[in-house]
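Okay, structure first, notes after.
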Amino acid sequence: RFKPFQNSDHLLGAAAFRCTYMELHVSASTSDGLPLFTLDPISVRLSSANEASARCMEPLTSVKGVELQARLVDEEGALLCDSGPVTLCDEDWVCLSCETASGGMPSRLLSIARECADGWTLFFDMKERSDTASVLRFVRIVKSRVRQAEHAAADLSGQAEAELEEEVVATQVHRPLDCTAVDCTEPESMVVHPKHSLLLQMFRQPDARLLKLSFWNSIAQGKLTVMQDPPCAGLLGTCGEQLRNRRSDLDQFGYSRLQQLPWSQAGVSVQALSDTIDALKTQGLPPVFIFMYDQVWSLLLQLFDLAAQILDTDAVEMSLSVFAWALEPDAAESRVGSNFGLPHRDQTYDDCHTQEGHLTMLTTWIALVPVTHDNGCMYVLPSDRDELLTMPDDPCHTKPDEQGVKSLGEATVSYSVVSVYRAGSSCTSDRVQPRKSMATMFGHFGTCKANSISKDALEAGVQLDTRLRIILRTLLQYKMWYPEFAGLSLDVAS
């Protein structure tokens, strides 16, 4: 649109930098300094439009606060520009578009700009799904010629100076995004319910009022605590004999049970957990908010050693895709924390076995009250009756024949192969205490697709804001079971 400078001495922008070797360094860490990833240095050259783009495609699945950073250096390692920390909850993110993937998962394309010295600008492009999982797609670089042109203005004639001023103004208002930002902060394609919008907002920036220890302590029953001493491992004992006896069941049938575990040795009262879930429900908070309390994490920590023995490795991680249930007699299954009524597999066979058929993942289900056929026990299809268990490519792999499904009956802790077909049942009697339970997965390092935590990290303690994000992400991940978020009220935050 604008006349080029006739004097090539003043073309200090694109030509000079296109011929210069530069490296882009991109990294991400949690808000408490834990590294998430550091990409290998990316070689970049500016185009004739003074722009460059680096493809990243790095998932951002941490439930902690995430900080991104990009640095551009020249061939001698001298710093050209530095974005500084960029947080996912920064208000400067702009929504460019909304879309729904083939799998039906809505997402937003977001971008944020960081202006640096000497006319450099760094852009981060991110794709955010409606379950809070995000991907850093690109980091883009733009070099403005405004500063060099201003220095050259003194040598130009009046006419050339006027043309320069026109170019300077045009450069200042130029936006390297070849599209228009739209107001899709809460796009209809992403929000299935108003509470969904609120959960997304709280995940990005947890409400300070939900991070007050006094609030959670006021709900706690049976001396449950919040953010006191970190949990200690090894308090449950090895349960060696029971574990050896049950391991053969796991190999043969795809599930096993551990009963009468001495939780009190680990300082865990399952009765207190059960009572606190009831107290949470009176506040409009679903059972999964029990994960705000220390004793839940202490209980899970004790299971690391058991999972390691079953999986035959010390390199075990625990999925943070956790959940808790508290059934109600004959209640609608749309209420958050009610039963997952449809039979399902958590993963396909290939996702939880090596090529040689060795097990790499376990689903762990923990009963907090005695479980019977009447109050909502678990049902599984034993693997020896599941003809499609090892056939993940079969279109019926996720919908096998339900004949032969077997009740687990009473159990304290149930381990099962993640690909085993299972379903929970509802509480059918008002004369019994409805089932309350929790669940998560353990696996070899690198096998848990969702965000995970190691034994060492759990022993160090899970911070309160991280616990809240874990809960909020879980609610969003399981919204297909509870599309209306019935039973959830976040009025406590107001």
Side-chain angles (χ1 to χ4, degrees), residues 233 236-259 261 299-323 340 343-367 378-394 396-400 404-409 411-424 437-456 458:
L236 195 62
T238 61
C239 307
E241 183 176 354
Q242 184 179 179
L243 196 60
R244 284 190 294 272
N245 293 337
R246 292 301 185 181
R247 176 57 199 260
S248 61
D249 290 342
L250 187 68
D251 293 335
Q252 184 175 357
F253 306 117
Y255 70 93
S256 65
R257 294 171 290 178
L258 299 176
Q259 297 173 296
L261 296 180
L299 182 154
L300 295 175
L301 181 60
Q302 311 312 312
L303 300 179
F304 262 90
D305 292 337
L306 303 183
Q309 293 181 60
I310 293 174
L311 294 172
D312 196 27
T313 179
D314 292 330
V316 173
E317 63 183 2
M318 186 187 81
S319 169
L320 290 177
S321 179
V322 297
F323 208 66
F340 285 2
H344 59 278
R345 300 188 197 273
D346 289 340
Q347 304 284 347
T348 67
Y349 182 86
D350 285 351
D351 288 333
C352 55
H353 292 81
T354 65
Q355 293 182 347
E356 295 76 22
H358 299 305
L359 185 63
T360 60
M361 296 179 70
L362 290 170
T363 292
T364 305
W365 180 80
I366 306 107
M378 291 287 293
Y379 284 83
V380 299
L381 178 62
S383 57
D384 62 335
R385 304 184 191 180
D386 186 355
E387 296 179 355
L388 300 179
L389 176 66
T390 60
M391 302 169 63
D393 295 331
D394 191 290
C396 295
H397 179 66
T398 57
K399 298 179 180 180
V405 170
K406 179 178 178 61
S407 166
L408 286 181
T412 301
V413 174
S414 168
Y415 285 104
S416 61
V417 177
V418 181
S419 57
V420 162
Y421 197 56
R422 76 198 73 217
S437 57
M438 306 185 304
T440 186
M441 290 188 296
F442 290 88
H444 291 193
F445 275 145
T447 57
C448 294
K449 293 182 178 179
N451 205 39
S452 59
I453 189 170
S454 67
K455 180 180 178 181
D456 290 343
L458 184 49

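Numbering starts at 1 and runs along the sequence shown. The figures here come from the full heavy-atom set of this structure, side chains too, leaving out hydrogens, waters and symmetry mates.
Considering every non-hydrogen atom in both Glu317 and Ser452, the closest pair reads OE1-OG, 2.9 Å. The shortest heavy-atom contact between Phe442 and Leu300 is CZ-O, 3.9 Å. When all heavy atoms are compared, the tightest approach of Gln252 to Asp384 is O-CB, 3.8 Å.
Enclosure of atom CG in Asp314 is not indicated, since only 12 or fewer non-hydrogen atoms of other residues, nucleotides or ligands lie within 6.0 angstrom.
Thr440 contributes no side-chain N or O that, together with a main-chain N or O of Leu320, makes up a donor-acceptor pair within less than 3.5 Å. Distance alone, capped at 3.5 Å, places no donor-acceptor pair between the Thr364 side chain and the Met441 backbone.
Residues forming a side-chain hydrogen bond (donor to acceptor under 3.5 Å, both in side chains) with Thr354 (at least two apart in sequence, or on another chain): Glu356. Residues passing the side-chain hydrogen bond (donor to acceptor under 3.5 Å, both in side chains) test with Gln355: none are found, sequence neighbours excluded. Residues passing the side-chain contact (heavy atoms from CB on, under 4.5 Å) test with Asp312: none are found, sequence neighbours excluded. Residues passing the side-chain hydrogen bond (donor to acceptor under 3.5 Å, both in side chains) test with Asp249, sequence neighbours excluded: Arg246. In this structure, the side-chain hydrogen bond (donor to acceptor under 3.5 Å, both in side chains) partners of Ser437, at least two apart in sequence or on a different chain, are Trp365, Arg435. By the side-chain contact (heavy atoms from CB on, under 4.5 Å) test, Thr313 is found to be paired with Leu311, Ala315, Val316, His444, residues two or more places apart in sequence or in another chain being considered.
One finds the CD1 atom of Ile310 at 9.0 Å from the CG atom of Leu359 (value rounded to the nearest 0.5 Å). Considering CG of Leu362 and OH of Tyr255, their distance stands at 15.5 Å, rounded to 0.5 Å. Note that CG of Leu261 and CG of Leu306 are 7.0 Å apart. Values are rounded to the nearest 0.5 Å.
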- Message: Run Lys455 and Leu458 through side-chain contact (heavy atoms from CB on, under 4.5 Å) and show every step you take.
- Response: CA-CA 5 Å; Lys455 180 180 178 181; Leu458 184 49; 5.8 Å; no

- Task: Given side-chain contact (heavy atoms from CB on, under 4.5 Å), test Leu301 with Met318 step by step and report yes or no.
- Result: CA-CA 9 Å; Leu301 181 60; Met318 186 187 81; over 6 Å; no

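Two residues are said to be in side-chain contact when any heavy atoms from C-beta on lie closer than 4.5 Å; Phe304 and Ser454 fail this criterion.
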